[in-house]
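Take a look at the structure below.
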Amino acid sequence: MIRMVRLGLLSGLFALMAGPALASEAGIAGGQALASQRQCLGCHQVEARRVGPPFRAIAQRFQGRPQAAQYLAQAMRRGSSGQWGAIPMPAQTRLSDADALRLAQWILSLSDDGQP
Ligand code: HEC
């Protein structure tokens, strides 16, 4: 009886600890799908430069900057030029504020794996 209670406590604790990690993985997977849906991947890839800079390079440049997600979300909606090279990004006007912020958070999460 006591053993069962302890087992229950342990698995409860495990669920508590695993919860946030699982949630953020789902968020990252959702980010990729959203980027594909919103046609970002025609110009961006995670690892390689295409028309625009790789998302991972953006993550690395902005890692640790205050308000990075807000800044990047705004850059998508207004467009961006002169930050990464000669080609400008047209304003992504059909992107909602909420989607822009989700995409920005997903992009920033791409530097989390400790890759240089
Ligand atoms: C037509 C091609 C194109 C599309 C579509 C596009 N981008 Fe870009 N993106 C670019 C280019 C080119 C740059 C580099 C602009 C610069 O040098 O300032 C860029 C830059 C960025 C930046 C960095 C901005 C900065 O100020 O450093 C982010 C973040 C970004 N894109 C996200 C997105 C997301 C998310 C989408 C989809 C909603 C998207 N882009 C769609 C071409 C594109």
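Residue numbers start at 1 and run along the sequence shown. Remember, it's 1-based here, ligands and their atoms both numbered in the order they're listed. In this text the structure is predicted, and so the values were computed from the model without any measurement.
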Steps toward side-chain contact (heavy atoms from CB on, under 4.5 Å) verdict (L103, F55): CA-CA 10 Å; L103 284 165; F55 281 148; over 6 Å; no
As an exercise, identify every atom of ligand 1 less than 4.0 angstrom from a heavy atom of [X].
X   : result
G52 : 10 (C), 11 (C), 12 (C)
F62 : 27 (O)
V51 : 12 (C)
G85 : 17 (O)
P88 : 12 (C)

Which distance, rounded to the nearest 0.5 Å, do you find between the [atom1] of [X] and the [atom2] of [Y]?
X    : Y    : atom1 : atom2 : answer
L34  : C40  : CG    : SG    : 7.0 Å
L72  : Q67  : CG    : CD    : 11.5 Å
R102 : D97  : CZ    : CG    : 14.0 Å
R61  : S111 : CZ    : OG    : 13.5 Å

Tell me: protein heavy atom nearest [atom], and distance?
atom                    : result
atom 28 (C) of ligand 1 : I58 CD1, 3.6 Å
atom 26 (O) of ligand 1 : Y71 OH, 3.1 Å
atom 27 (O) of ligand 1 : W84 NE1, 2.7 Å
atom 21 (C) of ligand 1 : M89 CE, 3.3 Å
atom 43 (C) of ligand 1 : C43 CB, 3.3 Å
atom 12 (C) of ligand 1 : I87 O, 3.2 Å

[X], any N or O under 3.5 Å of ligand 1 N or O:
X   : value
Q39 : no
H44 : yes
Q92 : no
R61 : no

Indicate the atoms forming the closest heavy-atom contact of [X] with [Y], along with that distance.
X    : Y    : result
A104 : A73  : CB-N, 4.0 Å
A69  : Q105 : CB-CG, 4.0 Å
A35  : W106 : CB-CZ3, 3.8 Å

With clusters defined by side-chain heavy atoms of hydrophobic residues (ILVMFWY) lying less than 4.5 Å apart, directly or transitively, does L101 cluster with M76?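 Result: no, two separate clusters.
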Taking both backbone and side chain into account, is any N, O or S atom of S80 nearer than 2.8 Å to atom 8 (Fe) of ligand 1?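 No N, O or S atom of S80 is closer than 2.8 Å to atom 8 (Fe) of ligand 1, so no.
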Do any N or O atoms from the side chain of H44 and from the backbone of V51 form a donor-acceptor pair under 3.5 angstrom?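 Absent.
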Would you call the rings of F62 and Y71 parallel, tilted or perpendicular, taking 30° and 60° as the class edges? parallel
Test P54 against every option in Q60, R49, Q45 by the side-chain contact (heavy atoms from CB on, under 4.5 Å) rule and name the one that passes. R49
Is there a heavy atom of P53 sitting under 4.0 angstrom from any atom of ligand 1? yes
Please determine whether any non-hydrogen atom of G82 lies less than 4.0 Å from an atom of ligand 1.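 True for this residue.
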If hydrogens are left out, which of P90, A35, C40 has an atom nearest to atom 37 (C) of ligand 1, that is, the closest non-hydrogen atom?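 Ranked by closest heavy atom to atom 37 (C) of ligand 1, first place is C40.
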So for S81 against ligand 1, with non-hydrogen atoms under 4.0 Å, the contacting part is backbone
